[in-house]
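One structure is given here, and the rest of the page talks about it.
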2 protein chains.
Amino acid sequence: MLMNKDATAAQRGYSVLVDDPGFLLARVNARQLSVVGEALRPLGLRPRSYTILRLAATNDPPMQRDLAHVLELDPSQVVTLVDDLQRAGLVERHQSEIDRRSNVIVATDLGKARLVEAASVVTEAHSTVFAVLDTAEKDALHDALRRITLAEWEEEE
Amino acid sequence: MLMNKDATAAQRGYSVLVDDPGFLLARVNARQLSVVGEALRPLGLRPRSYTILRLAATNDPPMQRDLAHVLELDPSQVVTLVDDLQRAGLVERHQSEIDRRSNVIVATDLGKARLVEAASVVTEAHSTVFAVLDTAEKDALHDALRRITLAEWEEEE
DNA sequence: TATTGTTATACTCTATAACTATA
DNA sequence: TATAGTTATAGAGTATAACAATA
């Protein structure tokens, strides 16, 4: 059907895009990155530094090599991200005891405190992005994404 | 080579990441972009040019301004994308009859033929990415992403 | 000889401002 | 005055190669 120029995106021919799961995935992810990034900015974090901080605050903190692997980044990019977190006093580089080439990235107390705030605003950002879904649908979406990712990780070996 | 001296990603502390829908969304999208991009490369297309070509092949072909809007790109970026498609003979710029400033982007016959091939390889790429989901789960995922996107589009007005 | 982290560099993508031709 | 398309440019992000220290 032909529409005037004020027709909405959904009403116009853009319906072909809505049939493309790849387009939708890219679109929703862009929105998520934007909303989460905006929420984290006042805390001096970005989506990636937030992820690194989360890992650094666990009982089994990662080495830089691990970060490059899970974030699918080049090791040289991890250097910059860890530099920024370290400069902000949120993480420290500890030389590994078993391999002196390796840095273990551990969160400081300040980093752990910051992480608590960050996790809160990120959760709120997610609920904004997924607001149109009910709880069961949110869980199903989360579960589907998790299984795709886990399957991919298992393939790597 | 990826040896087994370390536990797998899923077995280690990375489980905290798997609880983050934003991380998973970014991860799955990166994988999708990579697989789709690889599949489209032999056809001289990239994910974004493919989207533009799809819209250009509809009965209600878009103006560049529309492309910038749905792809959430700056108009200046659309110029380059349309330039490439036009140079490849897949689309043409037609001056709008109602506003001579505007270009309507329409697919050529070659473009429509290329689109048929492209749609095929993209569909196959998607089934690779979503392989771990059964049909009902794929549909549910697609539906959730569609509703999030449509809701966002409706908010814009 | 291979790997971890690092530096340097080039390339791509994105964001911004200014210009033109139309409206 | 405002808008569609274009151009130019600077910034962020990404990819690649080389290097030192260590294994």
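Chain A is the first sequence line, chain B the second, and so forth, proteins listed ahead of strands; every chain is numbered from 1. Note: hydrogens, waters and symmetry copies are ignored here, and every other heavy atom, side chains too, is used.
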Can you give me every donor-acceptor pair (side chain of residues 25-34 of chain B, partner residue at least two apart or in another chain, under 3.5 Å) with its distance?
from  : atom 1 : to    : atom 2 : distance (Å)
B/R27 : NH1    : A/V70 : O      : 2.6
B/R27 : NH2    : A/E72 : OE2    : 3.4
B/N29 : OD1    : A/A26 : N      : 3.3

*asked:* How many whole angstroms separate atom CG of B/D84 from atom P of C/dT12?
replied: 12 Å

*For B/D134, all residues meeting side chain to side chain contact (heavy atoms under 4.5 Å, CB included), sequence neighbours excluded*: B/A136, B/E137

*When the nearest nucleotide of DNA chain D is assigned to A/Q77 and to B/D74 on a heavy-atom basis, which residue is associated with the more 5' position?*
B/D74

*side chain to side chain donor-acceptor pair (under 3.5 Å) against A/E38, all qualifying residues, sequence neighbours excluded*: A/R41

Can you give the donor-acceptor pairs under 3.5 Å from side chains of residues 119-126 of chain A to other protein atoms, not counting sequence neighbours?
from   : atom 1 : to     : atom 2 : distance (Å)
A/T123 : OG1    : A/A119 : O      : 2.8
A/H126 : NE2    : B/G22  : N      : 3.4

*Please state whether the phosphate of C/dG5, meaning OP1 or OP2, lies under 4.0 angstrom from any side-chain nitrogen or oxygen of A/Q64.*
no

_For A/G89 against A/T108, the heavy-atom pair lying closest together_ = O-OG1, 2.7 Å

*For residues 34-54 of chain A, which residues have at least one heavy atom under 4.0 Å from DNA chain D?*
A/R46, A/R48

*Starting at CG of A/D66 and ending at C1' of C/dG5, how long is that distance when rounded to a whole Å?*
13 Å

*Could you tell me the separation between the CG atom of A/L73 and the P atom of C/dG5, rounded to a whole number of Å?*
13 Å

*Given the rule that I, L, V, M, F, W and Y join up when any side-chain heavy atoms are under 4.5 Å apart, are A/L85 and A/V79 in one cluster?*
no

*What pairs with B/D139 under side chain to side chain donor-acceptor pair (under 3.5 Å), at least two apart in sequence or on another chain?*
none

*asked:* Looking at every non-hydrogen atom in both residues, tell me the closest pair between A/R46 and A/L81 and how far apart they are.
replied: NH2-CD2, 4.1 Å

_Nearest 0.5 angstrom please: A/L73 CG to A/I52 CD1, how far?_
7.5 Å

*Members of residues 88-105 of chain B that approach DNA chain C, where some heavy atom sits under 4.0 Å away*: B/D99, B/R100, B/R101

*Quick one: do the A/D74 and A/S76 side chains pair a donor with an acceptor below 3.5 Å?*
yes

*By side chain to side chain donor-acceptor pair (under 3.5 Å), which residues pair with A/D19, not counting sequence neighbours?*
none

*Give me the bend of the helix from C/dT1-D/dA23 to C/dA23-D/dT1, using the axes of the five pairs at each end, rounded to 10°.*
0°

*Should the pair B/D83-B/R87 be classified as a salt bridge under the 4.0 Å nitrogen-to-oxygen rule?*
no

_For chain A and DNA chain D, what are the first and last nucleotides along the strand, 5' to 3', with at least one atom under 4.0 angstrom from a heavy atom of the protein chain?_
D/dG13 to D/dA23

*Taking atom types as modelled, is there a side-chain donor on B/Q64 or B/R93 under 3.5 Å from an acceptor on the other?*
yes

*Quickly work out the A/L81 CG to C/dG5 P distance and round it to whole Å.*
14 Å

_Protein-nucleotide distance (B/R65, atom CZ; C/dT22, atom C1'), rounded to Å_ = 13 Å

*Closest non-hydrogen atom pair between B/A56 and B/P61, with its separation*: O-CB, 4.0 Å

Between the protein and nucleotides 8-10 of chain C, which nitrogen or oxygen pairs come in under 3.5 angstrom?
none

_Sequence-distant partners of B/S96, side chain to side chain donor-acceptor pair (under 3.5 Å), two or more places apart_ = none

*What is the minimum heavy-atom distance between B/L90 and B/L110, and which atoms define it?*
CD2-CG, 3.8 Å

